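Single-structure report; data block below.
Remember, it's 1-based here, ligands and their atoms both numbered in the order they're listed. Since this is a predicted model, take the numbers as computed values, not measurements.
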Amino acid sequence: MGEQYSSRAMTVLTARRLQRLAIFAICCILVTYFLLDRTDRVPHRGPWQTWGYVHSSFDWANRPRKHALPGSAMTHLPEGSPRELPRIQYEFANGELSEAHNKTQRERRDAVRSTAAKSWSSYREFAWGHDELLPQSLHGADRFSGWGATLVDSLDTLWIMGLKREFREAVRVASKIDWDSTQSQDCSMFETTIRYLGGLLSAYDLSEEDVLLKKAIELGDMLYASFDTPNNMPVNIFNFEKAKEGQLVANQRESLATVGTLSLEFTRLSQVTGDPKYFSIIDNIKLAFERTQDDTKLPGMWPTFVDLQNGFLTPDSSFTLGSSSDSAYEYLSKMYGLLGGLDQTYKKLHLKAMSTVKKHLLFRPMLPDTYPATPPDILFSGTVLSNGKIIDLLPEVQHLGCFAGGMFALGGKLFHEEEHVKIGEQLARGCAWMYDAFPTGLMPEVSEIIPCKTADLAPCDWDEARWKEEGPSQEADMKQPPKPFSAIRDQQYQLRPEAIESVFILYRITGKKDLLDIAWRMFQSIKKSTETKLAHSSITDVQLDGFTTKIDSMESFWIAETLKYFYLIFSEPQLISLDEYVFNTEAHPLRLPKPTEGHKL
Ligand code: DMJ
């Protein structure tokens with residue numbers, strides 16, 4: 001009896017122990033889940049404290065300003081409710097597309113996502129917290145102050161692609177960035193604005209994580225000091241110590257892009273914080289653009305380099321939509337959109353500039369008679385040299401200038417200029433055509449091509465005599481470029497986004513399905529020539545199919561821009577609709593204010 005009793009007691013005891021053990025194990029799992037691995041929970045939106053936020057060691061917000069602000073008072077965001085802007089996106093009708101078509105796009109989209117996930121995971125493994133992954137040597141490199149350019153630049157891409165776990169892991173690191181801790185003495189105002197500030201603002205707009213806005217404000221306050229110069233014009237090489245002491249002086253020779261590419265980010269920062277100072281300081285630049293637009297050596301455009309030290313002077317002679325100018329033009333119509341159509345100056349600046357571009361920079365290439373059907377209807381934008389009387393067009397095509405198709409088309413929709421939408425399409429298709437023209441299926445960084453000499457950008461016939469005269473010089477040891485190129489100035493492909501950017505925008509605007517196939521061809525060519533074992537790298541020569549040398553470089557815009565545009569073109573058109581977002585020049589979508597809500601404060 002006693003034995004029986006004690007064996008029952010033992011059984012009860014063992015059961016209790018097991019029960020306690022099970023409870024303990026469950027508690028351990030829950031604690032680990034909630035405290036250690038919160039990155040796994042979807043969705044997470046929490047107050048900034050939960051991210052382990054750390055404020056930067058220097059408080060730029062409280063640095064006293066040395067120089068007086070322009071004008072007598074702060075300029076506020078334009079008053080009134082944002083206007084109902086013209087619809088930008090094509091009306092993609094539900095059910096218009098076959099299931100097979102949709103399946104193909106989903107497969108393409110997933111292939112892009114895998115490529116991004118691969119590049120990201122290698123960055124995470126070998127270069128975590130550094131600016132870039134060196135894709136061949138598998139190390140981290142710091143070219144943008146070492147604050148983690150790829151990490152911040154990729155945040156919104158991770159969010160958009162649904163890589164939420166990766167997103168949260170990155171937010172956790174971003175929330176501790178110390179803008180005052182860097183090996184460099186200075187940073188580039190332009191790059192810091194488009195990659196870091198644009199990246200944080202966009203990720204905030206998408207996820208509404210407060211911590212991202214807090215980091216954006218800290219950074220915005222630092223960059224705001226770049227305008228603390230005697231004439232309130234910004235300095236691109238932002239020296240931290242000089243800035244703290246209010247000793248910065250604007251440059252006599254500054255690239256147009258650096259001064260013209262701050263407006264979207266600074267405006268969005270004012271919109272989301274309600275603090276007008278960021279907007280006020282960039283509005284001053286708009287006034288300088290307006291004041292000088294008709295007085296340059298190519299009225300309507302501004303030269304590639306401007307004198308910011310002596311006000312805003314424009315004595316230079318070179319005009320382009322390419323390197324060092326590009327995004328200054330891109331931001332004009334986009335600012336009109338971000339301000340809800342309430343500032344007509346941006347419309348005026350954009351339309352005047354585009355009219356000059358059309359008249360003097362655009363050209364149609366002379367194409368060989370090798371097309372079975374009609375030759376492609378394509379245009380390019382070159383570089384003009386002007387002394388105010390003689391205007392010379394250099395028919396140079398830069399990959400960087402390939403954003404122009406998207407710019408023309410977007411402005412065309414915004415301002416009811418149908419002809420600009422058409423030009424946008426011709427430019428976008430021009431760059432896509434150039435991808436196809438080289439053995440790798442990729443276009444070079446800079447090339448030259450013989451232009452038609454017809455009026456109104458009309459097509460011309462192939463002229464063999466002209467080709468012999470103006471075509472490539474016959475140097476025996478030089479690889480000759482394919483017809484109709486007269487020179488390849490820079491053979492590299494650097495994982496750049498501009499061509500797919502324009503193809504994406506044109507697809508969203510026109511709904512033309514062949515653009516999807518063009519995009520897919522471009523993606524496959526990029527993948528084929530740039531893929532490394534663990535990531536992707538720039539290549540030295542687009543003319544060498546199969547045996548081009550890889551360069552140990554994968555810039556942060558690969559994930560931030562190139563792969564984002566590829567992902568979006570193969571996604572549902574409602575994902576980041578052009579009617580709801582405007583992209584900064586680093587492909588960071590910023591939310592447009594809705595007519596009903598006023599500026600989002
Ligand atoms: C990016 O940093 C931005 O798109 C910039 O405007 C131009 N250059 C690179 C991409 O090529």
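With a 4.0 Å heavy-atom cut-off, ligand 1 is reached by the side chain of Arg195 but not by its N, CA, C or O. Contacts of Glu498 with ligand 1, taken as heavy-atom pairs under 4.0 Å, involve the side chain alone. For Ala257, no heavy-atom contact with ligand 1 is shorter than 4.0 Å. Only side-chain heavy atoms of Leu400 come within less than 4.0 Å of ligand 1; its backbone N, CA, C and O stay farther off.
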Test log, rule side chain to side chain contact (heavy atoms under 4.5 Å, CB included), inputs Lys215 and Trp179: CA-CA 9 Å; Lys215 272 293 155 201; Trp179 306 112; 3.9 Å; yes

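Remark: ligand 1 and Glu191 share no N or O pair separated by less than 3.5 Å (distance only, no angle test). Below 3.5 Å of separation, one finds an N or O of Glu586 facing an N or O of ligand 1.
The distance between the ring centers of His350 and Tyr336 does not fall below 6.0 angstrom. Close placement of the Trp302 and Tyr329 rings is indicated, their centers lying within 6.0 Å of each other. Not less than 6.0 angstrom separates the ring centroid of Phe144 from the ring centroid of Tyr196.
Residue-ligand proximity: Glu330 is placed with every non-hydrogen atom at 4.0 Å or more from ligand 1.
For the salt bridge (charged side-chain N to carboxylate O under 4.0 Å, His left out) with Arg496, the qualifying choice from Glu561, Glu445, Glu586 is Glu445, the only one to do so.
Close contacts of ligand 1 with Ile194, meaning ligand atoms under 4.0 Å from a residue heavy atom, involve 2 (O). Within ligand 1, the atoms closer than 4.0 Å to a non-hydrogen atom of Pro497 are 10 (C), 11 (O), numbered from 1 in the order shown. For ligand 1 and Glu561, the ligand atoms under 4.0 Å from any heavy atom of the residue are 1 (C), 2 (O), 3 (C), 4 (O), 9 (C), 10 (C). Near Thr585, meaning under 4.0 Å from one of its heavy atoms, ligand 1 places the atoms 3 (C), 4 (O), 5 (C), 6 (O).
Closest to atom 9 (C) of ligand 1 among all protein heavy atoms lies Phe557 CD2, 3.7 Å.
A donor-acceptor pair under 3.5 Å is formed between the side chain of Asn236 and the backbone N or O of Phe190. Thr440 contributes a side-chain N or O that, together with a main-chain N or O of Val542, makes up a donor-acceptor pair within less than 3.5 Å.
Here the side chains of Leu219 and Ile177 are not in contact, with every heavy-atom distance at 4.5 Å or above.
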